[in-house]
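Since the structure comes first, as structure tokens, the remarks are kept for the end.
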Amino acid sequence: MAAMLDRPFFDRPVLDVSRDLIGAFLAFDGVGGRIVEVEAYDEGDPASHSFRGPTPRNAVMFGPPGHAYVYKIYGIHFCLNFVCQPGSAVLIRALEPQEGLPRMHERRGGVGEKQLCSGPGKLAQALGINLDHNGLALDRPPFLVRPADDSHPIATGPRIGITKGMETPWRFVLAGSPFLSKPLSPERKAL
DNA sequence: GAAAGGATCCGCT
DNA sequence: GCGGATCCTTTCA
């Protein structure tokens, strides 16, 4: 079986992990695809849940690397993060669907393939992720995370939907992917 | 104890 | 392009 991303991979600076996750494969209970969009958050970042220190909700962000931090947003949607070094995490924002397409379509209700996982809330819905999965380890089932098998053109830009820290270009995308939550604009230098 | 506001999505205009 | 849905965490008095 192919290499799996485990704790040492995530126990690194969050920007390095974010970059290396573009093109990686994520599945939850056999449903998933290629990661094409992520955002980095860390403790010194006013947009991050960890900015004001540990709370009951964000406790997982201060726990061991390589675990899932899941939270509910706007009372409706769930967002999936990968915990890196203490107080930092990567928000998984979009996937290129590859496995378990029928179940994704069931959960997402008749949207086109490009919209199955083109946003953090959509992705969590398509994969069936909810608060029950907060704190689960990423290196064993139902999670499966495999590294990218080749290099990918990566672009960066400002993060989406935040009200603080807007100038920090910590959004990472697979350049030119049609599965992003939004096109990257303006396009920034690749890494 | 109260109030504000959020790392979103969808439908309507 | 704009606003509503919907809830619960965090903050402040």
Side-chain angles (χ1 to χ4, degrees), chain A residues 10 13-15 17-19 21-22 24 26 28 31 33 35-63 65 67-97 103-136 138 155-174 177-185 188:
Chain A
F10 293 101
V14 65
L15 295 181
V17 176
S18 298
R19 181 196 61 216
L21 280 174
I22 297 298
L26 160 68
F28 182 80
V31 179
I35 297 174
V36 296
E37 177 178 348
V38 302
E39 286 177 1
Y41 291 87
D42 82 8
E43 197 171 359
D45 171 8
S48 174
H49 288 177
S50 58
F51 183 59
R52 296 176 186 276
T55 67
R57 177 177 66 160
N58 68 18
V60 174
M61 279 187 83
F62 292 89
H67 289 246
Y69 168 46
V70 182
Y71 65 89
K72 192 183 226 181
I73 187 72
Y74 299 115
I76 304 179
H77 304 289
F78 299 104
C79 293
L80 170 66
N81 298 254
F82 293 170
V83 176
C84 299
Q85 291 174 333
S88 73
V90 182
L91 170 67
I92 310 301
R93 289 192 54 92
L95 296 184
E96 175 180 338
R103 268 196 284 175
M104 286 193 193
H105 281 289
E106 280 174 27
R107 290 163 175 158
R108 293 277 300 128
V111 302
E113 184 166 328
K114 285 179 199 153
Q115 288 118 51
L116 281 177
C117 300
S118 59
K122 301 177 190 176
L123 181 159
Q125 186 184 13
L127 270 58
I129 303 239
N130 61 54
L131 289 183
D132 292 342
H133 311 122
N134 187 37
L136 292 187
L138 297 171
T156 66
R159 292 172 295 183
I160 308 268
I162 52 175
T163 59
K164 291 166 252 176
M166 275 123 80
E167 63 294 330
T168 313
W170 284 1
R171 181 182 181 218
F172 294 73
V173 307
L174 179 58
S177 170
F179 298 95
L180 304 181
S181 64
K182 287 183 180 167
L184 189 68
S185 58
R188 302 284 183 95

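Chain letters run A, B, ... following the sequence lines, proteins first and then strands; every chain starts at 1.
Both A:R52 and A:I76 lie close to DNA chain C; mapped to their nearest nucleotides by heavy-atom distance, the more 5′-ward contact belongs to A:I76. Nearest-nucleotide mapping onto DNA chain C: of A:L131 and A:H77, the residue sitting toward the 5' end is A:H77. Mapping A:G119 and A:K164 onto DNA chain B by nearest heavy atom places A:K164 at the nucleotide closer to the 5' end.
Rounding to whole angstrom units, OH of residue A:Y71 and C1' of C:dT9 are separated by 13 Å. The distance between atom NZ of A:K72 and atom P of C:dT6, rounded to the nearest whole Å, is 11 Å. Summarising the geometry, the separation between CD on A:Q125 and C1' on B:dC9 is reported as 9 Å, rounded to the nearest angstrom. Rounded to a whole Å, the CZ atom of A:F82 is 19 Å from the P atom of B:dA7. The interatomic distance linking A:K182 (NZ) with B:dC10 (P) rounds to 13 Å, in whole Å. Here B:dC10 presents its C1' atom at 12 Å from CD of A:Q115, a figure rounded to the nearest Å. In this structure, A:F51 places its CZ atom 15 Å from P of C:dT10, rounding to the nearest Å. Computed from coordinates, the A:I73 CD1 to B:dG5 P distance equals 14 Å when rounded to whole Å.
Checking B:dA7, C:dT9, B:dT8 against the side-chain heavy atoms of A:Y74 singles out B:dT8 as nearest. The side chain of A:R57 lies closest to C:dT9, out of B:dT8, C:dC8, C:dT9.
A side-chain donor-acceptor contact under 3.5 Å links A:R159 to the backbone of A:G165.
The shortest distance between the side-chain N/O atoms of A:R93 and the OP1/OP2 oxygens of B:dT8 is below 4.0 Å. The side chain of A:T163 contributes no N or O atom lying less than 4.0 Å from OP1 or OP2 of B:dG5.
Pairing for B:dG6 goes to C:dC7, judged as Watson-Crick or G-U wobble with the two contacts each under 3.5 Å.
Between A:N58 and A:Y71 there is no side-chain heavy-atom pair separated by less than 4.5 Å. For the pair A:Y69 and A:H49, the minimum side-chain heavy-atom distance is below 4.5 Å. With a 4.5 Å cut-off on side-chain heavy atoms, A:L127 and A:M104 count as touching.
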**Item:** Residue pair A:H133, A:F28: steps toward the ring pair (Phe, Tyr, Trp, His ring centres under 6.0 Å) verdict
**Value:** CA-CA 10 Å; A:H133 311 122; A:F28 182 80; 4.6 Å; yes

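When heavy atoms are screened at a 4.0 angstrom cut-off, A:L91 is found touching base atoms of the nucleic acid. At the heavy-atom level, A:S181 lies nowhere under 4.0 Å from the strands shown. Residue-level contact check: A:R171 touches neither bases nor backbone, having no heavy atom under 4.0 Å from any strand. Note on A:G121: only backbone sugar-phosphate atoms sit closer than 4.0 angstrom, heavy atoms only; bases stay farther off.
Separation of the P atoms belonging to C:dG4 and B:dA4 is 16 Å when rounded to the nearest angstrom.
Checking A:E96 against A:S177 by side-chain atom types alone, no donor-acceptor pair falls below 3.5 Å.
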